[in-house]
Number of protein chains: 2
Amino acid sequence: MSIRYAILGFLSWKPFTGYELKKLFADALSFHWSGNSNQVYGALIELHKAGAVGVEVLQQEKLPARKVYTITEAGRAELRAWLLSEPELPSIRSMARVQLAWADCLSDAELGGLLSSYEGQLEAQAIMCREAARRGPLRPARSPREELIWNCVEEANLAFYEGELRWVRELGSRLATLGGAGGEGSGGS
Amino acid sequence: MSIRYAILGFLSWKPFTGYELKKLFADALSFHWSGNSNQVYGALIELHKAGAVGVEVLQQEKLPARKVYTITEAGRAELRAWLLSEPELPSIRSMARVQLAWADCLSDAELGGLLSSYEGQLEAQAIMCREAARRGPLRPARSPREELIWNCVEEANLAFYEGELRWVRELGSRLATLGGAGGEGSGGS
DNA sequence: CAAAGCATGTAAGCAGTTACATGATTGT
DNA sequence: ACAATCATGTAACTGCTTACATGCTTTG
């Protein structure tokens, strides 16, 4: 469960309940986790069993109990050890690119439709990123360094979508010059 | 099993055995599949049950039988339908960014180490992409259009790693100016 | 003689997803 | 009245990964 370190990260900032963490994940677009209960609550239970976090159960009158999780020294050590370990390369899987790779059985118009559909998705996503950045800071800023890093991570996330957007537009115009000049693709249905 | 469309794509090019497809996936870096037997052979069996591919079993004297898979009309139709469906946004999960986001408990030197380790990984990956592109064409080029698209997809893949590389270097120098000027992060272990 | 390639497949497991179950409270 | 928020958790599933099992052949 690789989300465990992300959870430890949040808890190294301050204590949270599962519910809060869930929302944090759902809102932190640059982290790309859906924030589903199964994973968050499950990971918290495991982290607790492993002694990486402690729980304080606050009974409430009418609502279910709040379980506030706090990172332990062992948890801090585990997080630190992970931070010092070799980073993995990001894993990207772009079905859109796979679609494009095999799109030669589409007509020029259909291929154009695929491109602009992808473009639309990317635009929407870029807007969401900007919006999230503007609404901003549900994030730690314990030092100027940390603030800088979070800004950069957010920027990198946005930059990815913007880069992809530039790419798909470039591809569109390159295809246009191809079609306009010489042969007619491999034709339609 | 989302790899099924990628398999149908390859088979829309020409017939292949499971073993060949496996290698194709392992070599096609821009597709980002490990090319493990489990998935490929399993998907082929399912595609066959669904009538999307046909098999011809060629007995060999001393080696195991070669099962050559061919796409059917139904398979072509399924592929086409997928190509015309809404593309999904690419899913990226970058553990390195998560590490950076929580790296404030590291010293400046440790953080620098993390950055350059990531940088090294990215450089290596970029080299592999360039190398694969140079060795090149284990790919269809049924039309100038298809060739253009495959080139662009390959370029986009490389561009991602190069962009990430630029980003991590930029982050490094921004952190340097921070540290050089004012306060000393939040200090080490 | 060991390693890599050919060629098929299975087993076990990890990380993630959606959707569901419960139930009170607050907002529109 | 209906929906959203608070708060916990479970069930079922998908897609992917590594490692293993078998066994013969070619290359170093």
Side-chain angles (χ1 to χ4, degrees), chain A residues 1-8 15-29 31-50 53 55-69 82 88-95 98 138, chain B residues 1-8 15-29 31-50 53 55-69 82 88-95 98 138:
Chain A
M1 216 165 272
S2 114
I3 204 180
R4 62 188 278 125
Y5 298 109
I7 290 177
L8 283 178
F16 286 107
T17 66
Y19 185 75
E20 286 165 333
L21 285 167
K22 203 168 95 108
K23 276 196 300 178
L24 246 21
F25 279 113
D27 291 350
L29 297 190
F31 279 10
H32 299 278
W33 266 290
S34 73
N36 65 94
S37 345
N38 203 342
Q39 223 183 344
V40 174
Y41 289 118
L44 281 170
I45 288 166
E46 274 178 39
L47 284 167
H48 186 231
K49 271 198 287 197
V53 301
V55 204
E56 194 188 357
V57 183
L58 304 177
Q59 291 300 336
Q60 297 177 113
E61 300 220 346
K62 312 224 161 167
L63 288 167
R66 282 168 58 88
K67 297 191 178 176
V68 181
Y69 289 90
W82 177 66
E88 313 158 39
L89 285 170
S91 76
I92 29 170
R93 177 154 297 134
S94 169
M95 282 302 164
V98 177
L138 32 60
Chain B
M1 219 166 266
S2 114
I3 203 180
R4 61 187 278 123
Y5 296 110
I7 291 179
L8 283 179
F16 286 107
T17 66
Y19 186 73
E20 286 166 331
L21 284 167
K22 206 170 91 108
K23 275 195 302 178
L24 246 19
F25 279 113
D27 291 351
L29 298 190
F31 281 9
H32 300 278
W33 265 290
S34 73
N36 65 95
S37 346
N38 201 342
Q39 223 185 343
V40 174
Y41 289 117
L44 281 170
I45 288 165
E46 275 178 38
L47 284 168
H48 186 231
K49 272 197 286 195
V53 301
V55 203
E56 195 188 357
V57 183
L58 304 176
Q59 291 301 337
Q60 296 178 117
E61 298 218 349
K62 314 223 162 169
L63 288 168
R66 281 168 56 87
K67 297 191 179 176
V68 181
Y69 289 91
W82 177 65
E88 314 158 37
L89 285 170
S91 76
I92 31 172
R93 178 155 298 132
S94 170
M95 282 301 167
V98 177
L138 32 57

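Naming: A, B, ... by sequence-line order, numbering from 1 per chain.
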Q) Nearest 0.5 Å, what's the CZ-CD distance between A:Arg66 and A:Glu20? A) 5.0 Å
**Q.** Approximate separation, where rounding is to 0.5 Å, of A:Ile7 CD1 and A:Leu44 CG
**A.** 4.5 Å
OP1 or OP2 of [N] sitting under 4.0 Å from any side-chain N/O of [X]?
X	N	answer
B:Lys23	C:dA7	no
B:Tyr19	C:dT8	no
B:Ser2	D:dT14	no
B:Tyr41	C:dT8	yes
A:Lys67	D:dG9	yes
A:Arg66	D:dT8	no
A:Ser34	C:dT18	yes
B:Asn36	D:dC16	no
B:Asn38	C:dT10	no
B:Gln60	C:dA7	yes

Between [N] ([atom2]) and [X] ([atom1]): distance, integer Å:
X	N	atom1	atom2	answer
A:Ile92	D:dC16	CD1	P	15 Å
A:Phe25	C:dT18	CZ	P	15 Å
A:Gln39	C:dT18	CD	P	10 Å
B:Leu21	C:dA7	CG	P	13 Å
A:Leu44	D:dT10	CG	P	12 Å
B:Phe31	D:dT17	CZ	P	14 Å
B:Leu63	C:dG9	CG	C1'	16 Å
A:Glu46	C:dG16	CD	P	12 Å

Q | 4.5 Å side-chain heavy-atom contact, B:Tyr5 and A:Val98 | A | no
Looking for any heavy atom pair under 4.0 Å, which part of the strands does [X] touch: base, sugar-phosphate only, or nothing?
X	result
A:Arg93	sugar-phosphate
A:Ile45	nothing
B:Gly18	sugar-phosphate

**Q.** Heavy-atom closest pair, residues A:Pro90 and B:Ser94
**A.**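 Heavy atoms only, the tightest pair is CB-CB, 3.8 Å.
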Q | Considering all heavy atoms, the nearest B:Met95-A:Trp82 contact | A | O-CH2, 3.9 Å
Q: Evaluate the criterion side chain to side chain contact (heavy atoms under 4.5 Å, CB included) for residue pair A:Lys67 and A:Thr17; output intermediate values, then yes/no.
A: CA-CA 5 Å; A:Lys67 297 191 178 176; A:Thr17 66; 5.8 Å; no
Q | 5′-ward residue of the pair A:Pro64/B:Ser37 relative to DNA chain D | A |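 So the residue in question is A:Pro64.
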